[in-house]
Structures are given as C-alpha cells and as structure tokens.
Amino acid sequence: MKASILTEKYGEIILEESFWTNSKKISVNGVPLKKINKKTYVDNIGQAQITAVISGGFISGAVIDINGEKFRLTEGAKWYDSVFTFMW
C-alpha cells in the first residue's frame with residue numbers, strides 16, 4: 001500500500017508498506033531514506049539531515065515524525081471496519 005502527503009517544508013512524503021511483510025519504505029521529495037532500524041530512517045537532502053521516525057501503519061494509522069514535526073500519513077481503521085471484518 002502506498003500513501004503520500006504534500007508538505008511545504010519537505011515536499012512530497014511517500015510511505016510504501018508491504019501488507020504481507022510489513023516492511024516500509026519512506027521517500028522525502030523523491031529521495032529514498034536509509035533504514036537505520038525498524039522505525040527510524042535518515043538521509044541528507046540538500047544540506048540538511050533528515051531523521052524520520054514512523055509510528056503505526058495502515059491499519060492503526062501512520063504518523064511520521066521528521067526532525068520533530070509530526071505528519072499524519074493515513075487515518076486508522078474505524079471501529080466498525082473491524083467489526084464487519086470479523087463478522088464476515
């Protein structure tokens with residue numbers, strides 16, 4: 001699954017998450033960030049170093065923290081989505 005938002009300061013932020021493996025890829029303004037650990041990504045864009053920490057995912061809602069600024073990439077699933085999924 002893929003989600004993107006457009007910000008003034010960083011440009012387009014794209015999150016790609018695999019449904020099966022839960023692996024994530026983040027790119028900021030077209031530059032893919034390097035994965036440091038499970039939730040932290042870093043890279044130099046221009047002359048600034050960007051540190052991105054991702055929390056959550058597509059089911060719970062993804063939030064990215066870039067150098068102390070938080071951006072919501074996806075909304076979490078509603079309660080009734082889970083109920084109807086289990087009823088099915």
Checklist line | Donor-acceptor pair, side chain of Thr74 and main chain of Ala62, under 3.5 angstrom | finding: yes
Next item on the list: Find out if a path of hydrophobic residues (ILVMFWY) with successive side-chain heavy-atom gaps under 4.5 Å connects Val31 to Ile5.
Entry: yes
Checklist line | For Asp43, salt bridge (charged side-chain N to carboxylate O under 4.0 Å, His left out) partners two or more places apart | finding: Lys34
Next item on the list: If you link ILVMFWY side chains whenever their heavy atoms are less than 4.5 Å apart, which other residues fall into the same cluster as Val42? By chain and number, please.
Entry: Ile36
Checklist line | side chain to side chain contact (heavy atoms under 4.5 Å, CB included) involving Glu75 - partner list, sequence neighbours excluded | finding: Arg72
Note to self: Please check: side-chain N/O of Tyr41 versus main-chain N/O of Lys24, any donor-acceptor pairing under 3.5 Å?
What the structure shows: yes
Notebook entry, point to check: Should side-chain heavy atoms under 4.5 Å link Ile, Leu, Val, Met, Phe, Trp and Tyr, which residues sit in the same cluster as Val63?
Noted result: none
Notebook entry, point to check: Heavy atoms, side chains only, cut-off 4.5 Å: are Ile50 and Asn44 in contact?
Noted result: no
Checklist line | Partner set under side chain to side chain donor-acceptor pair (under 3.5 Å) for Ser18, not counting sequence neighbours | finding: Thr21
Next item on the list: Mind checking side chain to side chain contact (heavy atoms under 4.5 Å, CB included) for Gln47 and listing every partner two or more places apart, or none if nothing turns up?
Entry: none
Next item on the list: Just jot down the salt bridge (charged side-chain N to carboxylate O under 4.0 Å, His left out) partners of Glu8, sequence neighbours excluded, or say none.
Entry: none
Notebook entry, point to check: Got a donor-acceptor contact below 3.5 angstrom from the Asp65 side chain to the Thr51 backbone?
Noted result: no
Note to self: Nearest 0.5 angstrom please: Glu12 CD to Thr7 OG1, how far?
What the structure shows: 9.5 Å
Checklist line | Residue pair Ile54, Leu73: steps toward the side chain to side chain contact (heavy atoms under 4.5 Å, CB included) verdict | finding: CA-CA 10 Å; Ile54 186 87; Leu73 292 169; 4.1 Å; yes
Notebook entry, point to check: Sequence neighbours excluded, which residues qualify as side chain to side chain contact (heavy atoms under 4.5 Å, CB included) partners of Asn29?
Noted result: none
Checklist line | Any residue meeting side chain to side chain donor-acceptor pair (under 3.5 Å) with Lys9, in chain and number order, not counting sequence neighbours | finding: Glu69
Checklist line | Residues which pass side chain to side chain contact (heavy atoms under 4.5 Å, CB included) with Lys38, listed by chain and number, not counting sequence neighbours | finding: none
Note to self: To the closest 0.5 Å, what do you measure between CD (Glu16) and OG (Ser27)?
What the structure shows: 6.5 Å
Item checked: Rounded distance (nearest 0.5 Å) linking atom CD1 of Ile13 with atom OG of Ser4 -> 9.5 Å
Item checked: Ile64 and Leu15: CA distance, side-chain angles, deciding distance, side chain to side chain contact (heavy atoms under 4.5 Å, CB included) verdict -> CA-CA 9 Å; Ile64 189 167; Leu15 169 67; over 6 Å; no
Note to self: How about NZ on Lys35, more than 12 heavy atoms from neighbouring residues, nucleotides or ligands closer than 6.0 Å, or not?
What the structure shows: yes
Next item on the list: Taking side chain to side chain donor-acceptor pair (under 3.5 Å) as the test, write out the residues that go with Thr40, two or more places apart.
Entry: Asn37
